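Here is the structure we will look at, set down as structure tokens.
From a predicted model like this one, the values you see are computed outputs, not experimental measurements. Sequential numbering from 1 along the given sequence is applied to the chain's residues.
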Amino acid sequence: MAKAKQSTKDETRTIKIFDTTLRDGEQAPGNSMNIEEKLRFAKQLQKLNVDVIEAGFPIASEGDFEAVKKVAQSIKGPEIAGLCRSNLKDIDRAWEALKYAGEKGRIHTFIATSDIHMKYKLQMEPAQVLESAVKAVKRAAGYTPNVEFSCEDAVRTQLPFLAQVVEAVIAAGATTVNIPDTVGYTVPFEYFNIIKYLKDNVPNIEKAVISVHCHNDLGLSVANSIAAIQAGAGQVECTINGIGERAGNCSLEEFVMILRTRRDILPFVTGIATEQLTPASRLLTNITGIAVQPNKSVVGANAFAHEAGIHQHGMLMDKSTYEIMTPESVGLTASALVLGKHSGRHAFKKRLEELGHDLDDEMLNRAFERFKALADLKKEVFDEDLDAIVTDESREEDQYKLEHITVTCGSFAVATATVQMEINGKPVRTAELGDGPVDSAFKAIRKLTKTKAKLTQYNVGSITGGTDAQGEVTVRVEEDGHTVVGKGASTDIIVASAKAYIHALNRLHCKQKRLTDAV
């Protein structure tokens, strides 16, 4: 086997990172975010120094439009993209939101080009698709020279037609052309050959950046993205924690750290501040309530953990024996203990900033009060505890609020929960019996909120170790095809459960309201 060629500085090529966590990532069930949550995460992506933030799909709803608009108004540095179909109404609406980013605003328009999509979804002939694509790009280019065009389901598209579309949209004004693996179907060598075919057969291909957007249905999204840049692609579209439709997207942290770690044979760099990867991962988990599996690459809880004796021995001798990258390089600190009950506001604020949390004065004051109360209950306050506090205090004004809960139960007593809530500013109270303390609490909450949502998942765990640890509860609820995740934390697991359930009901209410407003 031929030895891989070692890269030199002169050969090194910079790859643009297009983050679509707020658009494709947010579309997956349970990942939906409100406007304030999107803005919080966009600020973290700014710290991460991504090249492009795809902030949403402006035509989809009033909420999505406002989120894209607010991100465009607030974020400095990265380009801000908005997705739109290849029709004039979508494009006009997208620019209404993106114009606040000025030259940093990017219109991202798309249409499907594969035979199966054209026949069954679009019910259009190839000539019609080509015409629609060109017309859309010309409309977008009338607003900004920063236009991206995507050939949806590109990897299942006939290559001659794919090349024809790419050539035409570049001629019409597209400066970035995306060749997505929309359904996660391709494999690395095939994807390499598709990109190479376009490089060899599209006469004006050098006038645009080739972008790739890979889904993970077969677990190959990162590998396919690597193959694509080796073939000449200059931009990779990805998400934090790899979230997204179905099995997710190319994981930003994995892709970036592969390039950083294997620079000896992969002559590519990015502008990513890798020390912000772990804060970004944690912030996303706190916002969505969806945890990262412990064995997840780069940001998983076990990514830098060593239990086997032979591994521990090697680590004690030299860390490079079993660590190919350092924890510090992805934003992990050596010390887990951060603060205690004697810590002041300045230290508290500084640590939150290090963890990726940017709070205004009002939220900071509330979070600090929560921290002090928790510090009185616990001997040690950890980063994960701070994340949980911020998650609670950073939520938008909720329709449902928990005021207090009392539960009685035991071996010879029927569990009874008395719950007092505030609904639309009015206090309400009820008591319910149930099959255990959590069931009785949830029944009381359902009665007060009159919800018809179905609880489909309930998970409980501890944020840190010890009997004084905060319990963390994650629930998933579903109603009328809409699924959301709720999360709550407290040193009392019943209180954490109630918080999580109410959080989910608030998110469901907001999601339904946004959809109603969009009609």
Side-chain angles (χ1 to χ4, degrees), residues 1-20 50-52 148-151 153-157 159-160 162-163 165-167 170 174-239 242 244 247-272 274 277 297-298 324-325:
M1 183 179 290
K3 186 177 179 181
K5 182 181 178 182
Q6 187 163 343
S7 64
T8 66
K9 187 175 182 181
D10 291 339
E11 296 173 325
T12 300
R13 187 156 54 88
T14 299
I15 304 300
K16 297 184 74 171
I17 298 298
F18 178 113
D19 184 276
T20 186
V50 302
D51 296 286
V52 186
E148 177 170 342
F149 178 81
S150 287
C151 304
D153 202 24
V155 304
R156 295 193 295 177
T157 298
L159 287 179
L162 182 64
V165 173
V166 169
E167 181 179 356
I170 292 174
T175 49
T176 303
V177 179
N178 185 30
I179 311 299
D181 183 13
T182 304
V183 293
Y185 181 72
T186 195
V187 295
F189 77 87
E190 179 184 51
Y191 205 38
F192 179 97
N193 288 334
I194 291 172
I195 303 302
K196 188 175 186 302
Y197 178 90
L198 295 175
K199 294 281 286 186
D200 293 342
N201 291 277
V202 176
N204 57 356
I205 194 70
E206 297 303 324
K207 294 182 179 180
V209 174
I210 298 178
S211 180
V212 290
H213 177 119
C214 297
H215 279 265
N216 204 38
D217 298 70
L218 295 176
L220 292 171
S221 59
V222 175
N224 287 333
S225 298
I226 295 292
I229 64 172
Q230 289 177 309
Q235 175 180 282
V236 170
E237 305 188 5
C238 41
T239 62
N249 289 269
C250 171
S251 165
L252 185 152
E253 60 275 4
E254 293 174 17
F255 176 80
V256 166
M257 291 310 293
I258 287 171
L259 297 193
R260 176 168 170 161
T261 304
R262 294 311 314 271
R263 200 169 294 172
D264 56 327
I265 59 171
L266 293 172
F268 311 102
V269 294
T270 71
I272 295 297
T274 61
L277 289 172
S297 303
V298 183
I324 58 173
M325 50 190 163

Look up atom [atom1] in [X] and atom [atom2] in [Y], then write down how far apart they are to the nearest 0.5 Å.
X: D200; Y: I205; atom1: CG; atom2: CD1; result: 10.0 Å
X: F149; Y: N178; atom1: CZ; atom2: CG; result: 9.5 Å
X: I170; Y: T176; atom1: CD1; atom2: OG1; result: 9.5 Å
X: I17; Y: D51; atom1: CD1; atom2: CG; result: 7.0 Å

Are the side chains of [X] and [Y] in touch, meaning some heavy atoms are under 4.5 Å apart?
X: L252; Y: L277; value: yes
X: I324; Y: R262; value: no
X: V50; Y: I272; value: yes
X: E148; Y: V209; value: no
X: F268; Y: I226; value: no
X: I229; Y: L259; value: yes

Could you pull out the closest heavy-atom pair between [X] and [Y], with the gap in Å?
X: V212; Y: I195; value: CG1-CD1, 4.0 Å
X: E167; Y: N204; value: O-ND2, 3.1 Å
X: T182; Y: H215; value: O-CD2, 3.4 Å
X: C250; Y: F255; value: SG-CB, 4.0 Å
X: A163; Y: Y197; value: CB-CE2, 4.0 Å

Check salt bridge (Lys or Arg N to Asp or Glu O under 4.0 Å) between E190 and all other residues, then give those that pass, not counting sequence neighbours.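 Counting only residues at least two positions away or on another chain, E190 forms no salt bridge (Lys or Arg N to Asp or Glu O under 4.0 Å).
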Residues forming a salt bridge (Lys or Arg N to Asp or Glu O under 4.0 Å) with D153, sequence neighbours excluded: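 D153 satisfies salt bridge (Lys or Arg N to Asp or Glu O under 4.0 Å) with R156 once adjacent residues are dropped.
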Taking only residues two or more places apart in sequence or in another chain, which ones pass ring pair (Phe, Tyr, Trp, His ring centres under 6.0 Å) with F18?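 F18 satisfies ring pair (Phe, Tyr, Trp, His ring centres under 6.0 Å) with H108 only.
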What residue pairs, at least two apart or across chains, pass side chain to side chain donor-acceptor pair (under 3.5 Å) with a residue in residues 250-261?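 Output for this query lists S251-E253, S251-K296, E253-K296, E254-K296, R260-T274.
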Applying side chain to side chain contact (heavy atoms under 4.5 Å, CB included) to C151 and T157, what does each step give before you reach the verdict? CA-CA 9 Å; C151 304; T157 298; 5.6 Å; no
Given V187 and F189, is the side chain to side chain contact (heavy atoms under 4.5 Å, CB included) satisfied, shown in steps? CA-CA 6 Å; V187 295; F189 77 87; 3.6 Å; yes
Could you pull out every donor-acceptor pair under 3.5 Å between side chains of residues 218-225 and any protein atom, sequence neighbours left out?
{"unit_1": "S221", "atom_1": "OG", "unit_2": "N216", "atom_2": "OD1", "d": "2.8"}
{"unit_1": "N224", "atom_1": "ND2", "unit_2": "T186", "atom_2": "O", "d": "3.3"}
{"unit_1": "N224", "atom_1": "ND2", "unit_2": "L220", "atom_2": "O", "d": "3.1"}
{"unit_1": "S225", "atom_1": "OG", "unit_2": "S221", "atom_2": "O", "d": "2.8"}

Would you mind listing every salt bridge (Lys or Arg N to Asp or Glu O under 4.0 Å) that reaches into residues 207-220, with sequence neighbours excluded?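 The answer is D217-R246.
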From CA spacing to verdict: side chain to side chain contact (heavy atoms under 4.5 Å, CB included), I210, K199: CA-CA 9 Å; I210 298 178; K199 294 281 286 186; 3.5 Å; yes
Does one side chain, of S211 or Q235, offer a donor that lies under 3.5 Å from an acceptor on the other?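 Yes, a side-chain donor-acceptor pair sits under 3.5 Å.
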Just checking K16: does its NZ atom have more than 12 heavy atoms from other residues, nucleotides or ligands closer to it than 6.0 angstrom?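 Enclosed.
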Let's go through L162 and I194 carefully: what are the C-alpha distance in whole Å and the side-chain angles of both, what is the deciding distance for side chain to side chain contact (heavy atoms under 4.5 Å, CB included) to 0.1 Å, and is it a yes or a no? CA-CA 10 Å; L162 182 64; I194 291 172; 4.1 Å; yes
Is it true that a side-chain atom of N249 and a backbone atom of C238 form a donor plus acceptor pair closer than 3.5 Å?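 Flag not set: sc N249 to bb C238 has no pair under 3.5 Å.
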